[in-house]
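Not measured: the values here are computed from a predicted model.
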Amino acid sequence: MRYPHAEIESKWQGFWEEKQVYKTDFSNIDKKLYHLNMFIYPSGAKLHTGHWYHYGPSDSWARYKRLRGYNVFEPMGYDAFGLPAENNAIKTGIHPLENTLQNIKDIKVQLKKIGCMYDWNTELMTCVPEYYKWNQWLFLQLYKKGLAYRKKAPVNWCPNDQTVLANEQVHDGKCERCGTEVIQKNLSQWFFKITEYAEELLQGLDTINWPDKTKLMQRNWIGKSIGAEVDFKVYLPLGTVDGFNEVIKIFTTRPDTLFGATYMVLAPEHPLVDKLTTRELKTKVEEYKESIKSLTEIERTSTVKEKTGVFTGAFAINPVNNKKIPIWIADYVLLTYGTGAIMAVPGQDERDWEFAEKFNLPIIRTVQPPDDFTGKAYLEDGPAINSEFLNGLFVEDAKKKINHWLEDNRIGKATVNYRLRDWLISRQRYWGTPIPIIHCEKCGEITVSEDELPVELPYDVDFKLGGESPLARNEKFINVKCPNCNGSAKRDPDTMDTFVDSSWYYFRFLNPKFSEGIFDKSVSDNWVPVDMYVGGAEHATMHLLYARFIHKFLRDLGLAKGDEPFQTLVHQGTITNAGAKMSKSKGNVVNPDLFTSKFGSDVFRLYLMFMGPYDMGGDWSDKGISGTDRFVNRVYDLFNEFKDLQNETTVKEKYDLNSLSDQDKFVYRKVNQTLHKVGEEINHFRFNTAIASLMELLNNFKDISTCSKEIQLYALQRLAIMVSPLAPHLGEECWSLLGNSTSIFEKPFWYQVDESALIEDTVSIAVQVNGKLRATIDAPLNSEQEAVKKLIFNEEKVTRHTAEKTIVKEIYVKNKIYNIVVK
RNA sequence: GCCGAAGUGGCGGAAUUGGUAGACGCGCUGGACUCAAAAUCCAGUAUGGCUCACCCCAUGUGCCGGUUCGAGUCCGGCCUUCGGUACCA
């Protein structure tokens, strides 16, 4: 009989919903397990195969944990603000709110079809005032602590989206979302001071169970480097105006090479450049700065590009030897890193060497390279040379000594620098959380008071592109009385990056209707951190870093207990189609409905899991789905064959192997071996091998009709339970076919493995001659070498290769291998 | 360039601490059932050689070399693909 998937799925989904099987009891915290999936962005493209691949297997893991006695909380919600809804509005005229709500409605229907254990009582969306009010509250807390601030900064501007993009959102100089070439623009922007937590964000990585790859990416992103800051005085020729006492501060990781600094380089945008440049070179410098401006960030920072730069005419004094060194500007020095100025030490830096060679600047080695060294700049360790009081010291010691010297002479100090930059949260867009700030000409920046929150996003706006942002153009919204002086003032026209929404949503899930605070601390104290977090690796340096930062901030406010939000992290792999990531714009989205309508949800879920390792993903192909379809049908047929078996016989928890017939023993062993294996595999997200071992077990049930009824029942009960996390509807149906009136997930349990049944009586031992397999023999378990030896030298296959040769050595590994070495 | 991951049959992929390479599935071939087809079931399926009949022999986990009784697994040197990053001083 064909497995009637549509009927069975709606039956069990209806049952789970009606009985509220997946409603979480938050008061039961003994074996609490917060299982979170990155929530979904409700786009018009609806659910595609990639979403299924993320949510289906992840739910199977959670179901397994539930069967093992955990009180699992698995929520789902919508990351509902963001650019695409607004872009869609610009294109179609449909309001982002209407559009988003409709998408959510559609997506929810699709989500339910997967058959996950989502607790729909805690569903949330970020685009409603009840949620985004707390973004604003969070903003105010950050503001109070000086961790939210505004500054003018060159930002990435997408001319198409008319919005600012974070560095992380620019790929290959193009807008991550629409692919338009990004240009630079100077705007007043809001930032969150994530850099304040740089060190802790780095240290905390050692305490969490995340993929090494992801931790490494965060480490690199934070980019800690230890070095020193050194002040270089600007050289004042005779006759220069007195009072010009500028100092150029540089950052270096190699203070030990200070004696080799033969010139300086400032970033072209460095504020001192205009002051320093001599009259004769003004035009040249201006020309250079202009030429840089037209370059995109990518062209400018390309490593293959030849070095460019110009001399400013000014000189600085190297503080260690009072030598006069020229000051240049060059685009390979970035204003945004360190101090925007470097001392150039061509002897020990490849970039400086290249630059020095091109512009004929002097090169002094300050570390002695080995005799056979043939390269240019020498970056390795060695004794210092040409460095007076540092001479002879190796790099580490030289660094220590020069740092002391710098501090003693008040010229500089040891310091630590991070690559991490502050989090730019402003978006000149409509569809997001309004920033709760009022700008008054008299009083300046005024915060909206907490009891005035939320600052509601107005519905009626002109969200057409161009010029000012939609909120800035909305008179009703933007014009407001100053809370301080009651004069006319304006609201901040920006909205927040949606990563703000997702930086704390896991707290909110625990009680999304809570109105007395950002979240219900009485629940979150027991349920945060998230025990298992599953989501895409593309968030490694954005969402996952921001969320850690905000968690630490909330902890400092006394709202969270631990230091980290996500204890264990797993990335599902990416499913590509024809080698490319699935996206609506590429038109290569695979619609799961095609398969679920034909095969059913469980078959599709099984197939996605069976394709390969979960964290690897892979290129989509529907070849092979018939394999899991056959499996499901065979299982279903088997249970129909033994329908109501529970009414015919009773079964024990455990059987003595010696009391069983050969066939019973065989099945009993295979069942227990599989039970052991399947649990282990699911626990480690290895669904493909879990399913393979279930298929193997099913193959071993070929002659199950010759088993005793007891063992038949023993086997089928366990099969139903093992199937249920992976194919939940099928599992429930099989369980009920046996004659059960309860649901597996309503009264979850897992069978104990009979350890004594894991071991076989006989083992097959590989016999090798000189490492080559010549025969395999069966021997009783744990046979001694002498006994095995007798067996193998009776084998013609073996003696053929040992005859007329000298046996040099024999190696026996119990139950595994017998290797004879001959000459 | 740097950092990271991965290269195994026609295909997706298995393989504890080094110990029988190719589990499981797809596909394919042959057979059973059928008037026929689909579905299902049974058997076979790494490559080459021998009379593929049965044994058997040789080769084989990206390439070259090494360690070892024994290497997909460990070591050294490459090649290719995919991710991350882009002069970070």
Side-chain angles (χ1 to χ4, degrees), chain A residues 2 167 171-172 211-214 216-217 219-221 223-225 227 250-254 257 265 267 297-298 300-305 307 330-334 336-345 348-352 354-355 417-421 537-538 540-541 573-574 576 579 606-607 610-613 615-619 621-628 630-631 633-634 637 680 686 688-699 702 764-777 796-797 800 808-822:
Chain A
R2 213 51 222 155
N167 286 333
H171 297 312
D172 296 334
D212 289 336
K213 196 181 80 179
T214 310
L216 188 67
M217 276 168 72
R219 282 195 190 99
N220 292 340
W221 196 261
K224 180 180 185 174
S225 50
I250 62 101
F251 173 74
T252 178
T253 53
R254 294 295 302 276
T257 63
V265 186
E297 178 106 336
I298 291 307
R300 207 179 132 170
T301 56
S302 163
T303 34
V304 283
K305 186 179 139 269
K307 297 266 176 297
D331 62 354
Y332 80 92
V333 174
L334 309 173
T336 44
Y337 184 77
T339 59
I342 62 158
M343 64 172 195
V345 188
Q348 273 75 230
D349 186 287
E350 281 166 344
R351 295 154 300 176
D352 297 346
E354 200 191 319
F355 194 82
N417 205 6
Y418 298 90
R419 201 193 81 115
L420 183 69
R421 297 173 200 180
E538 67 272 20
T541 50
T574 313
T576 54
L606 283 171
Y607 178 59
F610 190 58
M611 278 184 0
D615 57 349
M616 300 278 274
D619 204 46
S621 158
D622 58 11
K623 288 205 180 88
I625 191 165
S626 52
T628 50
R630 277 178 204 148
F631 171 73
N633 276 285
R634 283 171 69 200
D637 286 344
E680 200 61 18
R686 293 191 293 253
N688 54 333
T689 46
I691 295 166
S693 69
L694 283 176
M695 288 173 166
E696 216 172 329
L697 182 66
L698 191 62
N699 292 341
K702 201 164 40 173
S764 122
I765 291 170
V767 186
Q768 299 181 339
V769 180
N770 285 349
K772 277 182 188 156
L773 182 74
R774 295 303 177 188
T776 57
I777 55 149
E796 196 270 330
K797 286 180 197 169
R800 189 191 308 163
V808 181
K809 199 173 172 185
E810 287 167 65
I811 295 130
Y812 175 59
V813 180
K814 213 177 236 183
N815 302 326
K816 275 192 179 153
I817 201 158
Y818 199 110
N819 191 10
I820 306 157
V821 186
V822 296

If the condition is side chain to side chain contact (heavy atoms under 4.5 Å, CB included), which residues does [X] pass it with, not counting sequence neighbours?
X	result
Asn699(A)	Arg634(A)
Asn770(A)	Val821(A), Val822(A)
Asp352(A)	Tyr263(A), Tyr332(A), Ile342(A), Ala344(A), Pro346(A), Asp349(A)
Ala537(A)	His571(A)

Which nucleotide wins on minimum distance to the side chain of [X], given the candidates [options]?
X	options	value
Asn819(A)	rA14(B), rG70(B), rU85(B)	rG70(B)
Ser626(A)	rC88(B), rC26(B), rU20(B)	rC26(B)
Pro613(A)	rG13(B), rG27(B), rG19(B)	rG13(B)
Thr689(A)	rU17(B), rA14(B), rC24(B)	rA14(B)
Arg419(A)	rC24(B), rA86(B), rA89(B)	rA86(B)

Syn-anti status, with the boundary at 90° from 0, for the nucleotide rG76(B):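 Classified anti.
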To the nearest Å, how far apart are [X] [atom1] and [N] [atom2]?
X	N	atom1	atom2	value
Leu697(A)	rG25(B)	CG	P	12 Å
Asn220(A)	rG84(B)	CG	P	14 Å
Phe631(A)	rC24(B)	CZ	P	13 Å
Ile817(A)	rG70(B)	CD1	P	11 Å

Distance check: side-chain N/O of [X] vs OP1/OP2 of [N], anything under 4.0 Å?
X	N	answer
Asn688(A)	rA14(B)	yes
Ser225(A)	rA89(B)	yes
Arg351(A)	rC88(B)	yes
Arg774(A)	rC56(B)	no
Thr628(A)	rC24(B)	no
Lys797(A)	rC56(B)	yes
Lys809(A)	rC69(B)	yes

Applying a 4.0 Å non-hydrogen cut-off, can you work out what [X] is touching in the nucleic acid: base, sugar-phosphate, or nothing?
X	result
Arg219(A)	nothing
Arg2(A)	nothing
Ile811(A)	base
Gln768(A)	base
Asn699(A)	sugar-phosphate
Thr253(A)	sugar-phosphate
Lys816(A)	base

Set of side chain to side chain donor-acceptor pair (under 3.5 Å) partners for [X], sequence neighbours left out:
X	value
Glu810(A)	Lys789(A), Tyr818(A)
Thr776(A)	none
Thr689(A)	Glu681(A)

Of Met616(A) and Gly627(A), the one whose closest RNA chain B nucleotide lies more 5':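 Nearer the 5' end of the strand: Met616(A).
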Distance-only donor-acceptor test, Thr776(A) side-chain atoms vs rU20(B) base atoms, 3.5 Å: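 Absent.
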Please list, pair by pair, any protein nitrogen or oxygen found under 3.5 Å from a nitrogen or oxygen in nucleotides 41-47 of chain B.
none

For RNA chain B, the dot-bracket pattern of Watson-Crick and G-U pairs whose distances stay under 3.5 Å, | for other-strand partners: (((((((..(((......[....)))((((((.......))))))((((......))))..(((((..]....))))))))))))....
Same-atom distance (C1') from rA46(B) to rG22(B), integer angstrom: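 It works out to 7 Å between them.
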Residues forming a ring-ring contact (aromatic ring centres under 6.0 Å, His included) with Tyr607(A), sequence neighbours excluded: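 Here the qualifying residues are Trp620(A).
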Quick test: give all pairs of protein nitrogen or oxygen and nucleotides 10-12 of chain B nitrogen or oxygen below 3.5 Å, distance rounded to 0.1 Å.
residue: rG12(B); atom: O2'; partner: Met611(A); partner atom: O; Å: 2.6

Short heteroatom pairs, N/O only, protein and nucleotides 28-31 of chain B, under 3.5 Å:
none

Side-chain heavy atoms of Phe251(A) within contact of Ser225(A), under 4.5 Å: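 Yes, their side chains come closer than 4.5 Å.
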